[in-house]
2 protein chains.
Amino acid sequence: MQPDAYNPACATRLVLDRIADKWAVLILGLLAGRPTRFNAIRRAVPGLSQKVLAETLRRLERDGLLTRTAFATVPVTVEYALTPLGETLAETVDALRVWAETHIVAVQAAQRAYDARIADQAA
Amino acid sequence: MQPDAYNPACATRLVLDRIADKWAVLILGLLAGRPTRFNAIRRAVPGLSQKVLAETLRRLERDGLLTRTAFATVPVTVEYALTPLGETLAETVDALRVWAETHIVAVQAAQRAYDARIADQAA
DNA sequence: CATTCAGGTTTCCGATGGGAACCAGCTATC
DNA sequence: GATAGCTGGTTCCCATCGGAAACCTGAATG
């Protein structure tokens, strides 16, 4: 079968579903080039709950995008690092973050214009 | 304020949340370069419900990424087309789809390996 | 008169996501 | 010696979200 993200029977759909995720984007961007510990990620991504971080990391690990390494320190520290596969995705996904940061102003202006139009219609 | 997707108080977070969406990725990719009607999008993206399509299109319109044009035909036809801003985003998100289609095999292999490791642990 | 097409909206329900609390193991502090 | 703190999670509960299916308007068609 040819990979085709538009075919719901194609597993590509599942992969896309997994990587088109806000938290995954931020985590991959953060880990790019530098392994990071669980709580360090948490601190770097405010608003991300422990639960969702743990789940997201486990999914990314399962997908072969990052590795989880526990060190027998006290307390135990766990380090997450991108795999080569993960690094290739991080580059791709970081473009999304960059787009958001670059075009935020235009998007917000569009939102205000849209909302004004809607308000006029209602009036 | 500097745009910073890692700051939850920054609106960039909202934009990222909106564009890091499976359906938005597929829709933007589909509309790239060619305006498309509501039901044509629906047929091209199996699994996408009318409700979610309508909602997603309205959000993308509000964000200034596409335009909605109704033609007074019978029955009324509605055409959705990317704005220049939307085109720039479509290029970026399409990279995500391409990545998924390119690396699906590696991801699936990683998943099988992971699941086997877990099964071993349990046994 | 019923069906078909267009582009939606409404209703309902199950899955998902966030917040907060809890847990274990060890240490440093009072 | 009790308490608080660090580590990296897990569990519980509730609100929101997404999907399925039904319904809607309005005109043409058989």
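In what follows, chains are A, B, ... by sequence order, proteins preceding strands, each numbered from 1.
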Expected output is a numbered-order residue list: members of residues 17-31 of chain A with a heavy atom under 4.0 Å from any atom of DNA chain D. What is it?
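Output list: empty, so none.
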How is B/Arg42 classified with respect to the nucleic acid when contacts are heavy atoms under 4.0 Å: base, sugar-phosphate, or nothing?
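Touches nothing.
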What contact category does B/Tyr80 fall into here, base, sugar-phosphate, or nothing, at under 4.0 angstrom with non-hydrogen atoms?
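Sugar-phosphate only.
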Pairwise 5' ranking along DNA chain C for A/Ser49 and B/Val76, keeping only the more 5' one:
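With A/Ser49 and B/Val76 compared, the 5'-side residue is B/Val76.
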Return the 5'-most residue of the pair B/Glu55, B/Asn39 with respect to DNA chain C, ranking by each residue's nearest nucleotide.
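Its nearest nucleotide being more 5', the pick is B/Asn39.
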Would you kindly give the [atom1]-to-[atom2] distance between [X] and [N], to the nearest whole Å?
| X | N | atom1 | atom2 | value |
| --- | --- | --- | --- | --- |
| A/Arg37 | D/dG8 | CZ | C1' | 10 Å |
| A/Arg43 | D/dG9 | CZ | P | 14 Å |
| B/Leu57 | C/dA6 | CG | C1' | 15 Å |
| B/Arg58 | C/dG8 | CZ | C1' | 8 Å |
| A/Leu53 | C/dG18 | CG | P | 11 Å |

Take the C1' atoms of the five end pairs on each side of the helix from C/dC1-D/dG30 to C/dC30-D/dG1, derive the two axes, and give their angle rounded to 10 degrees.
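One end's axis against the other's: 30°.
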Pairs of donor and acceptor atoms involving the side chains of residues 63-70 of chain B, under 3.5 Å and at least two apart or interchain, shall be tabulated with distances.
{"from": "B/Asp63", "atom 1": "OD1", "to": "A/Gln111", "atom 2": "NE2", "distance (Å)": "2.7"}
{"from": "B/Asp63", "atom 1": "OD1", "to": "B/Arg18", "atom 2": "NH1", "distance (Å)": "3.4"}
{"from": "B/Thr67", "atom 1": "OG1", "to": "B/Ala81", "atom 2": "O", "distance (Å)": "3.4"}
{"from": "B/Arg68", "atom 1": "NE", "to": "B/Tyr80", "atom 2": "OH", "distance (Å)": "3.3"}

Select one nucleotide: of C/dG7, C/dG8, D/dT10, the one nearest the side-chain heavy atoms of B/Arg68.
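So the nucleotide nearest the side chain must be C/dG8.
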A/Gln50 side chain, from C-beta outward: closest of C/dG8, D/dG8, C/dA6:
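Of all the options, the side chain of A/Gln50 is nearest to D/dG8.
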Answer yes when A/Arg97 and A/Asp94 have at least one side-chain N-carboxylate O distance shorter than 4.0 Å, and no when they do not.
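Judged by the 4.0 Å cut-off on N to carboxylate O distance, A/Arg97 and A/Asp94 do form a salt bridge.
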Check whether any side-chain heavy atom of B/Leu85 sits under 4.5 Å from a side-chain heavy atom of A/His103, and report yes or no.
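Yes, at least one pair of side-chain atoms sits under 4.5 Å.
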Does any non-hydrogen side-chain atom of A/Leu16 lie less than 4.5 Å from one of B/Glu101?
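No, too far: nothing below the 4.5 Å cut-off.
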Of B/Leu96, B/Val93, B/Thr92, which meets side-chain contact (heavy atoms from CB on, under 4.5 Å) against A/Thr92?
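The residue from B/Leu96, B/Val93, B/Thr92 that satisfies side-chain contact (heavy atoms from CB on, under 4.5 Å) with A/Thr92 turns out to be B/Leu96.
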Pair up each side-chain donor or acceptor in residues 20-44 of chain B with any protein partner under 3.5 Å, not counting sequence neighbours, and list the distances.
{"from": "B/Asp21", "atom 1": "OD2", "to": "B/Trp23", "atom 2": "N", "distance (Å)": "3.4"}
{"from": "B/Asp21", "atom 1": "OD2", "to": "B/Ala24", "atom 2": "N", "distance (Å)": "2.9"}
{"from": "B/Thr36", "atom 1": "OG1", "to": "B/Arg34", "atom 2": "O", "distance (Å)": "3.0"}

Can you check nucleotides 11-14 of chain C for protein contacts, nitrogen or oxygen pairs under 3.5 Å, and list what you find?
none

Do any N or O atoms of the protein come closer than 3.5 Å to N or O atoms of nucleotides 27-30 of chain D, and which pairs are they?
none

